[in-house]
Amino acid sequence: LGGGIAGCAAAAEAAAAGRSALLVERRPVTGWELTWAHAPEFSDGSGKLYSALREKLEKCGATTDGRVDPATATIVLDQVLADLGVEMLLYAQPLRLVVEDGQAQAAAIATKSGQHVLRGKVFVDATENGLFWGHACDAPAVRSRFSTYMWVPDNKVERVGFGEAGPAQYIKLRPGVFSSSLELAFELDNATIIDARLALPDVLKKVRESGDLPAEAIVTHTAPELLPISVARQVGSPGEAHPETSNLFGAGQWLIGYSMPEEVCAELSAWGSQAGESAAKAAASLSEPKGVPVPAQVAPPHRECDVLVAGAGTAGALAGIAAARRGKKTVLLEAGNCPGGIGTSGGIHMYYCGFSGGLQDEVDKRCEKLTPLFAPAEKYRGFHPEAKKMALEAMLAESGAEVRYGTMLVGAVSEEQPGLARAGDDAIRVISEAVAASSSGGASWKARVFIDSTGDADLAAWAGAKSI
């Protein structure tokens with residue numbers, strides 16, 4: 001349960017031992033610490049996953065001196081897991097374990113199609129916050145690292161010692177794996193990905209003004225997530241079962257506490273491998289799990305706001321900004337990790353059609369002002385996707401809207417309002433609650449008004465709306 005490096009390593013060991021292994025991950029990628037949080041190195045690791053991944057990365061020239069290209073690793077890691085016989089279930093958020101007589105029987109998970117049950121002999125909690133192990137911590141990491149990659153004509157640049165820029169500390173430039181790739185990274189204390197993005201323009205300004213960064217440098221992409229370096233530690237050891245649940249093992253940064261950025265992946269792979277080996281041994285002596293019904297829940301906590309926006313793409317982000325600026329308590333639930341949808345994370349950097357005016361003009365002006373920090377004027381057309389991401393993030397923060405990333409809409413509660421129906425039509429329905437799932441589990445949201453800005457009209461579908 002959890003498809004980071006530790007979860008991948010655990011699944012790889014279980015599969016190598018002849019057990020059927022399923023990796024359940026809420027993101028669309030595996031090994032997020034390496035692929036999405038841009039861990040600076042993956043060297044001196046151990047276990048089946050590390051050796052297979054290193055061999056494949058070396059064959060395609062995507063690693064040097066322990067450093068790994070995150071974009072290439074995203075593709076290669078999925079291939080490695082498939083080769084090792086690990087099955088993957090992505091876009092699936094683990095919610096809770098069903099435990100009977102000190103033994104886990106099933107795990108409830110949520111996807112955009114609702115809640116489901118997965119039965120298994122043994123479970124490994126490899127979630128990023130130890131959701132099933134003890135007291136999951138939802139607070140930001142005590143210390144974390146943020147990374148940005150750039151294209152440069154020549155990456156023979158390496159400097160540490162830019163000082164600080166707002167909350168950003170230990171700003172450094174270092175060569176990437178490829179000759180035209182350069183990484184800019186910095187660290188933050190008790191910060192979220194929103195804090196990191198809001199700090200990035202000042203960091204870029206400082207680095208460009210230093211003269212160490214080539215004038216032609218173009219920001220190609222930023223890390224979708226922060227890399228946790230220091231987190232609240234829970235009690236436990238890899239390879240040892242949970243003290244109250246005999247077939248539950250743990251593997252995650254929350255069992256380590258602190259790691260150097262260069263050692264995060266190596267330590268996670270080692271701990272995950274130990275958990276996977278122990279899980280495979282335990283599975284050999286256990287009988288098939290019982291058929292345990294797990295009903296769908298509109299689970300606590302129950303939260304409330306004035307306006308709930310499902311989806312923080314271009315439309316959802318602007319809807320949230322507009323509502324919040326009018327003094328309404330506004331919450332945006334976004335399954336991804338940034339605002340702007342396909343215009344930012346999808347890299348579609350031009351408008352095909354539409355009209356100017358209103359908030360969109362403000363977004364464009366802010367984006368235009370930020371863009372010189374991200375690329376020289378002659379090196380881009382339309383808008384820079386990363387600059388637009390930062391502009392939207394800043395506008396959302398200034399408006400007072402609350403944005404919850406990594407939060408998937410998984411259901412809704414609606415009621416018929418017969419008196420509102422027209423003659424011959426079905427009764428109109430009114431939404432009372434939206435059900436969501438995130439790394440902290442399930443929750444339901446009540447609001448006075450709901451806005452569906454999801455890519456597939458998920459909220460409308462859950463509320464019973466018809467489609468053609």
Side-chain angles (χ1 to χ4, degrees), residues 1-16 19-39 42 45 47-50 52-53 56 68 70-71 73-97 107-112 116 118 120 122-133 136 223-228 231 238 248-256 264-276 279-280 335-337 405-408 437-441:
L1 303 172
I5 291 295
C8 291
E13 295 297 332
R19 317 310 306 182
S20 57
L22 174 65
L23 196 65
V24 182
E25 169 55 41
R26 67 178 177 86
R27 302 168 181 84
V29 299
T30 54
W32 64 270
E33 298 94 343
L34 178 65
T35 57
W36 266 19
H38 298 180
F42 194 179
K48 302 289 190 302
L49 177 77
Y50 172 73
L53 180 60
K56 205 147 199 169
V68 175
T74 304
I75 301 169
V76 172
L77 181 53
D78 283 353
Q79 295 173 342
V80 167
L81 289 169
D83 291 344
L84 291 171
V86 175
E87 293 189 61
M88 292 169 277
L89 181 59
L90 304 179
Y91 294 106
Q93 172 63 58
L95 291 179
R96 59 193 180 277
L97 283 180
I109 66 166
T111 69
K112 65 185 294 179
H116 312 276
L118 299 175
V122 180
F123 299 84
V124 176
D125 184 351
T127 58
E128 58 253 52
N129 56 355
L131 182 61
F132 309 112
W133 193 259
E225 297 207 28
L226 295 175
L227 176 69
V231 302
L248 174 64
F249 296 85
Q253 186 75 10
W254 41 271
L255 283 177
I256 301 171
V264 169
C265 286
E267 293 186 356
L268 287 174
S269 69
W271 283 55
S273 295
Q274 292 181 55
N337 294 81
Y405 294 123
T407 303
M408 183 190 312
S438 68
S439 60
S440 58

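Predicted model only: the values in this text are computed from it and were never measured. One-based numbering along the sequence shown.
- Remark: Leu23 CG to Glu87 CD distance equals 10.5 Å, nearest 0.5 Å.
- Taking every heavy atom of both residues into account, Ala275 and Gly250 meet most closely at CB-O, 3.6 Å.
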Exercise for the section: List the steps, then state whether salt bridge (charged side-chain N to carboxylate O under 4.0 Å, His left out) holds for Arg27 with Glu128. Expected result: CA-CA 12 Å; Arg27 302 168 181 84; Glu128 58 253 52; 2.9 Å; yes
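- Shortest non-hydrogen contact noted between Asp125 and Leu131 is OD2-N, 3.4 Å.
- Atom CD of Glu225 is separated from atom OG1 of Thr35 by 8.5 Å, given to the nearest 0.5 angstrom.
- Using modelled atom types and a 3.5 Å distance limit, the side chains of Ser440 and Asn129 yield no donor-acceptor pair.
- Across all their heavy atoms, Trp271 and Leu255 have their closest contact at CH2-O, 3.2 Å.
- No side-chain heavy atom of Tyr405 sits less than 4.5 Å from a side-chain heavy atom of Pro224.
- When all heavy atoms of Ala14 and Ala280 are compared, the closest pair comes out as CA-CB, 4.1 Å.
- Exactly one residue among Leu53, Leu268, Val264 makes a side-chain contact (heavy atoms from CB on, under 4.5 Å) with Phe42. That residue is Leu53.
- Closest approach of Gly130 to Trp254, counting heavy atoms only: N-NE1, 3.1 Å.
- With contacts defined as side-chain heavy-atom distances shorter than 4.5 Å, the pair Gln253/Glu267 does not qualify.
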